[in-house]
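Report on the structure given below.
Quick caveat: nothing in here was measured; it's all calculated off a predicted structure. Below, each value reflects all heavy atoms present in this structure, side chains not excepted, and no hydrogens, waters or symmetry copies. Labels below follow one simple rule: chain letters A, B, ... track the order of the sequence lines, proteins then strands, and each chain is numbered from 1.
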Number of protein chains: 2
Amino acid sequence: MSALTNAIEILRCFSSARPDLSFADVMALTGKPKSSTSRLLRALRDCGLLEQDPHSRRYRPGLLTFELGRLHRAHDDLISMAERELREVCARTGHTGYIAVLDGYEQVVLRIVPGSNPLRVVNPPGQRTPALATSNGRAMLARLSDEDIRARVPATYPKLPRNSPQNFKQLMARLNEIRRTGASEAADESIEGVGSQGFALKSGETGEMIGIAVSYSVQATTASERANVRRELAAMAEKLRRMTGDLIDQSVARVQAGPR
Amino acid sequence: MSALTNAIEILRCFSSARPDLSFADVMALTGKPKSSTSRLLRALRDCGLLEQDPHSRRYRPGLLTFELGRLHRAHDDLISMAERELREVCARTGHTGYIAVLDGYEQVVLRIVPGSNPLRVVNPPGQRTPALATSNGRAMLARLSDEDIRARVPATYPKLPRNSPQNFKQLMARLNEIRRTGASEAADESIEGVGSQGFALKSGETGEMIGIAVSYSVQATTASERANVRRELAAMAEKLRRMTGDLIDQSVARVQAGPR
DNA sequence: AAGGTGGTTCCAAATTTTGGAACCTTGTCC
DNA sequence: GGACAAGGTTCCAAAATTTGGAACCACCTT
């Protein structure tokens, strides 16, 4: 599927860091010849996966992506359940909640539940982050086999924030700690000044896995507030595991806190 | 681009009426042979445009569509759309444009689009003004229920400029006139010597509402220029309503002009 | 066992794709 | 006006990919 593969390669050039691209951008990023690029962009534009600004000539994701994206897991029971419970936790704690999924060694935020706290962590859904550097990301990785983790982490270990695991050995130590203690937490990692706690949840029926986290400002959140978040997430995790048939060892059933 | 075209054909089978599809569904909907369908679905799954529920075997839009759709949405939200259109109107008319939202009985200016006219109305974003005394403010109020309007206007009617409605009865008369004629316009109200015309726009999807206005100096703007502004805003309103799914009666679809 | 669903693989013919070269349009600068 | 750059488009022959029918597979139900 060479044409399709090439088209997808172009689609993957778009990100929140690069929401729109020029003809030359696409050429540089993909390394494809001018004529191939021209034909591919035209095909993508004609089918609705890309659209082009008439003035700037720049390309961006088109309406079809929006229409399809809205359908993505719109009727996912696991996510709906988790989101309902998370809303209550965020209403009580005032902090912002996230639901994310793993893709490779990265995670993608699917849902955000705003808190009432005036100091707000702002991150749009759809954002991609190394799962190695987030609380819920690490919680999800800890639920995988070591082989699976090894296969996901790039051979060239990604450059991560200072407080995140700096190599595979450190990562595995962190993950084993999460497996042992049930605690996944971090501060000043993927976002400076922001801490979070999270856990992973699996559907016993489908095997689907999501990572749930609550984040807050490190400086503005007291130790007792953090302890409260821990208790809230522990209760939430236990409730959701019962609801979804998430089989997990009791020894790691406690809340896993992490960065985010 | 036959493979790409066929893949897109499959993607277009998904809708909110059919958020996920089985192998047989796809075959029936596209009429493609089994082997082609199998290869196409596999390619779409491998590239992230579709994902497959491991339990039910059904296909649905994949993570990549979610991510790209979010990028599309970020570009195409209500305010961004309105601002882009307003820029063109202001470029053509030369006057200053405003986008505001309602907060209680007041409006808050979110965006300002400068015109080229040397006589310029200057108002900073974030400014609060009684919506009762502005063209776009009154246009937005006219879109609310009478109970909502009543709940927003303080029990002690606010002191307003001379040409603005001086009591609740006069306000309702003005709003009903806007509802009837679709015209919301004023002069010498919130700013002495300044007139404006505006309309309200609602997102069919989210219910979010904004008020859009173009303002000008009353003395320096001829009647034919004002008529031109009216035509420009009417065309802009119609276009935006189509784009946003703003359902409004045809009888009030004409431009509403107001003070500002 | 028969039948159905959800696929996968093989194969030769048909179709599409590819990249380099030549070309086009529009705009900017000297 | 000429030169250059950005953003493309079209042509062409060789290479690559795609196609649909047939055969096959795994699993489930009656």
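A/Leu41 places its CG atom 16 Å from the C1' atom of D/dT10, with the value rounded to the nearest Å. Atom CZ in A/Phe23 sits roughly 17 Å away from atom C1' in C/dG27 (whole-Å rounding). Rounded to whole angstrom, the span from the CG atom of B/Leu21 across to the P atom of C/dG7 amounts to 12 Å. Across the protein-nucleic acid pair, A/Leu40 atom CG and C/dT16 atom P stand 15 Å apart, rounded to whole Å. Summarising the geometry, the separation between CG on A/Leu50 and P on D/dG8 is reported as 12 Å, rounded to the nearest angstrom. B/Asn6 has its CG atom 12 Å from the C1' atom of C/dT15, to the nearest Å. Atom CE of A/Met27 and atom P of D/dT9 are 13 Å apart (whole Å). Between A/Ile10 atom CD1 and D/dG8 atom C1' there is a gap of 14 Å when expressed in whole angstrom units.
The minimum heavy-atom distance between A/Ile149 and A/Phe168, with the atom names listed, is CG2-CE1, 4.0 Å.
A close approach under 4.0 Å does not occur between any side-chain nitrogen or oxygen of B/Arg45 and OP1 or OP2 of C/dG6. The side chain of B/Ser38 contributes an N or O atom lying less than 4.0 Å from OP1 or OP2 of C/dT8. Between A/Gln52 and the phosphate of D/dG7, there is no side-chain N or O to OP1/OP2 separation shorter than 4.0 Å.
Checked by atom type, the side-chain pair B/Asp25/B/Ser22 shows a donor-acceptor distance below 3.5 Å.
Within residues 53-65 of chain B, the residues having any heavy atom under 4.0 Å from DNA chain C are, by residue number, B/Arg57, B/Tyr59.
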Along nucleotides 21-30 of chain D, 5' to 3', which nucleotides get a B, which get an S, and which get a -, given that the test is a protein heavy-atom distance under 4.0 Å? BB--------
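Using a 4.0 Å heavy-atom cutoff across all strands shown, B/Thr37 reaches no nucleic acid atom at all.
A salt bridge does not link A/Asp76 with A/Arg111: every distance from a Lys NZ or Arg NE/NH1/NH2 to an Asp or Glu carboxylate oxygen is 4.0 Å or more. Checked for salt-bridge contact, A/Glu189 and A/Arg138 meet the test: a charged N lies under 4.0 Å from a carboxylate O.
With B/Asn6 contributing its side chain and B/Ser2 its backbone, the two residues share a donor-acceptor pair below 3.5 Å. Using a distance-only test at 3.5 Å, with no hydrogens or angles considered, a donor-acceptor pair links the side chain of A/Gln52 to the main chain of A/Arg57. Judged by distance alone, the side chain of B/Thr221 and the main-chain N or O of B/Ser217 form a donor-acceptor pair under 3.5 Å.
Screening B/Leu21, B/Ile10, B/Thr37 for a side-chain contact (heavy atoms from CB on, under 4.5 Å) involving B/Leu29 leaves a single residue, B/Leu21.
Residue A/Arg150 qualifies as open at atom CZ: its count of foreign heavy atoms under 6.0 Å is 12 or below.
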